[in-house]
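Below is one structure; the comments refer to it alone.
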Amino acid sequence: MSEPDTITDASGDSSTDHPAFRYTAALADELELRWQDRWDADGTFETPNPAGPLADPDLVADRGEKLFVQDMFPYPSGSGLHVGHPLGYIGTDVYSRFKRMTGHNVLYTLGFDAFGLPAEQYAMQTGTHPAVTTNENIANMRRQLRRLGLSHDSRRSVSTTDPSYYRWTQWIFSQIFNSWYDPDAANETGSTGRARPIADLVAQFESGERATPDGRPWADLSASERESVLSDHRLAYVSDAPVNWCPGLGTVVANEEVTADGRSDRGNFPVFKRNMRQWMMRITAYADRLIDDLDRLDWSDAIKTMQRNWIGRSHGARVDFASAAGDITVFTTRPDTLFGASFMVLAPEHPYVDSLTTAEQADAVATYRREAESKKDVDRQDENREKTGVFTGSYATNPVDGEQIPVWIADYVLMGYGTGAIMAVPCGDHRDFEFATTFHLPIPAIQQPPADWFTEHGIEPSLDTSTWPTAFVGDAPYVNSANDSLDLNGITNKADGIDAINAWLEAQGSGQATINYKLRDWLFSRQRYWGEPFPVVWDEAGNPHTVPDDMLPVELPDTDQFSPRTFDPDDADSNPESPLDRLDDWITVELDLGDGRGVQQYRRDSNVMPQWAGSCWYQLRYIDPTNENRFCEVENEAYWMGPRTDVRPDHPGGIDLYVGGVEHAVLHLLYARFWHKVLFDLGHVASVEPYARLFNQGYIMADAFTDARGIYVDAFQVEGDDESGYTFEGQPVTREYGKMGKSLKNAVSPDEMYEAYGADTLRLHEMSMGPLDASRPWETRDVVGMYRFLQRLWRNLVDEETGESTVVDEPADDDTRKLLHRTIDVVRTEMDALRFNTAIAKIIELNNALTKLPATPREVAEPLVLMLAPLVPHVAEELWVKVGRSESTDGTVTYAPFPEADPALLVDDTIELPIQINGKVRSRVTVSADAGTGDVEAAALADAKVVEALNGGAPKKLIVVPGRMVNVVV
RNA sequence: GGGCGAGUGGCGGAAUUGGCAGACGCGCUGGCUUCAGGUGCCAGUGAGGGAAACCUCGUGGGGGUUCAAGUCCCCCCUCGCCCACCA
């Protein structure tokens, strides 16, 4: 293993044995800090807006086409950065700098996602207020990132914890709360369904255009009754939701924080599934638009697939089975297999279970339900488990044939999906087949599997399912599928079968085609301290009201009581008390909400928002970070994020490039899209989507090692290799390969790299390691390669003894000039496509060629420096001054035009073609670049190797690919 | 179990999408500089054979299409990520 802590300065620790002006880490350090101060002082990276507080319309016009580039913003952790963190940031910085040089007005900054658990945990342990640690961490992280030379507009760097920021997070919440989803209103895609102000709904009730649920006139409803009706429509609403309640911690925890044995990740306390009143967001209303608009986004198919699967839209039917308890409704994607339904299964939690359970089965059912309740979801979802279940004693009627089929309960049916009840078709579903086999239930055959299905399973073709080893899942002709008014027999594919039965079910009134989603509404409240308070107060009747906009923000109250109240770990009946609940002075307020009720006493909502809230809209605040009148000026949003029909006709708008890790593929990206669509529907933004183009950067990987106890050991002290095994202090350790991380004890700090090589070398190395979207292993010893390259570059332009430029004004020779222009051509293409690794390789080739010349001609030196400016901005600035060109661009290379290739120099007069004999390269021939097929054939046939191979005969075949190669088949 | 993606020198990775495999960098070998180590510089470096020109083999394994395959098709193996009793 490499040992970065032994690295001091790669040039050696003595300053006397190398020339005074060699490009060393010390020189890099000096010039990097100097240029960073200069950029700050000059406001070099400040980006003008068309309107609002940061407006400079003339400069906007001057800078050129707009480009909005954004990284997923970090949580300001206290443990500092390692070299893996800035990979994506360096990529976006290089791209932003390149785009500035090619005539773009680039919006590029970085904020902080600073609400959340770690600061709160730390506060509970130390008593330090989370605001204090958060601000310290942000300051530290800003310093570390600044040292990398990132070209952020620092005026636009926001923190989600700043009241001037979360004021607008609360404002957006109010907008969402005060709106409803009208499924019949036309939206911008030409289909229907969009958010509208809740006042529109109230108007519909008032006018009688829309009937109230119980038919009474709106005017006759009490305030609470009205709120109850509206709550069923609001996009943000309070509802009983199943949550993980952990009395030992005094809080609700996320599914991810619950261990496999149903205990809390932290503290190892029991966790109980409980229904509790929580804030929810009606994201399910947007399920279709969230799926459909994926087609308009320039995102990878992998991420789109993940989002589609998460939303989980499936087409099917709801079918009613009559029972003693009433109609049991099931959801099925295969209504065409209804004739094969030989029993039903309800989730143990299904509300009909009590009334369906007969006296004889009561004990068995009660026992089973108790067991199911104590089981964690994780257990229930282990599909390798044997099927368990119990008969309720009751029967239901299959609507297609009137048959009485038994109703069972089993934990493989989940209350949270579909209707919590299924019809079991054992011949066509593996789970149902397994269940029927375990409990000896009938398995009627309703499809004729093809012959090779039987062959595959090694059995004789037969419709006797007792010979089948498993269910048949597929498309095949129906059998035994007919009643007096419906006949599926003879239909050979499931699409037709489904159409036929859906029509019949609807005609009979016993079912209807429907669409089901896996997506659930979004649980939006947390009983913690360090988050955005809800801008909501509750009146004495228990109805919620949003605080008027001019009273925002509702500031998080200052307190030293950050901890939630904890209970006996086994006290399942306890209820959460959030830290804010205890602040009586804050909780109880007298306010005039401006709704005509005058000053009233209210209780503030004591929940806080989840960490996702602040990240749902931060790109909008980057646009107008200091605007006090709006979350951002309409004109600015339209400029930076408006739809680009020049890119594609159905372009949804949004930022031009969003870079971040794939771990946010679902939750963050889905939540942000949802909020953005609500803002669009309500007319607050011109873009339909927040992120037009998404790019997932890879990770820096490293080996980590654990000892016998499973504890991580310092990876840099581990000895050995894969063959001989690894040891730490003589003891064997286990290697695991994954993302670099401080807690894995394999993190390399960027500070070590600055000290040994400088920031430019680190930037260049990270960009040269491979494609930006690929994960790559970190090897500290590899970094020296780019350091040596920068030294050669420096030496090609600067005298190491005097520090003076050695660039000459004589013109370059033809070969060098051609190489330069070919390099420019490739580098432009590659940088534009975020392929920095190949761009760097080309630039190194050019520089290597310069090394062989007696002196570097100015006509090559200048474009070379400009091409490198996005990658290694500090040394590029320094060299730009040294070669004497800084005066032309106001002292900085940042807005200098990127070199352009002369097309005339990209073509050669003559080209060398490989000559293949039977597909193998055996010779080469030089022909003029515009040589026709005939000329090339003649040249090839005259080649000595070809003459020898042909031995006087004629070639069997002669293939000429003009400009590429010749293949002679003998 | 399902979905997505990837396997190229000792290592990280190139290869204009079917047309000269291994660009560029690390490492390694030899040389120069140095009292020496390090730094820096120059040259070589896929494997095997040969004094050399050159020859043979070679992109996880097996088969196929083609004048031509890392690239396209079929089967298999390995690894990574996401989802996972979703009816």
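Proteins come first, then strands; the chains are lettered A, B, ... in the order of their sequence lines, and each starts at number 1.
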Using whole Å, report how far [atom1] of [X] lies from [atom2] of [N].
X         : N       : atom1 : atom2 : value
Lys920(A) : rU66(B) : NZ    : P     : 18 Å
Tyr737(A) : rG7(B)  : OH    : C1'   : 13 Å
Arg431(A) : rA84(B) : CZ    : C1'   : 11 Å

Quick one: which protein N/O atoms are closer than 3.5 Å to N/O atoms of nucleotides 80-82 of chain B? Pair and distance per line, please.
none

Any [X] side-chain N or O less than 4.0 Å from OP1/OP2 of [N]:
X         : N       : result
Arg788(A) : rG40(B) : yes
Arg922(A) : rU56(B) : yes
Arg795(A) : rC41(B) : yes

Hey, is rG9(B) sitting syn or anti, using the within-90° cutoff around 0? syn

I'd like the [atom1] distance from [M] over to [N], given in whole Å.
N       : M       : atom1 : answer
rG46(B) : rA23(B) : P     : 8 Å
rG60(B) : rA53(B) : P     : 30 Å
rG62(B) : rC77(B) : C1'   : 10 Å

Using a cut-off of 4.0 Å between protein heavy atoms and nucleotide atoms, how would you tag nucleotides 17-23 of chain B 5' to 3' with B, S and -? --BB--B

Could you identify the nucleotide paired to rA14(B), looking across every strand shown and requiring Watson-Crick or G-U wobble geometry with both distances under 3.5 Å? none

Checking base pairs now: Watson-Crick or wobble, both atom distances under 3.5 Å. What partners rC54(B)? rG49(B)

On RNA chain B, compare the nucleotides closest to Tyr517(A) and Thr851(A); which residue's is nearer the 5' end? Thr851(A)

Whichever of Trp310(A) and Pro771(A) has the more 5' nearest nucleotide on RNA chain B, that residue is Pro771(A)

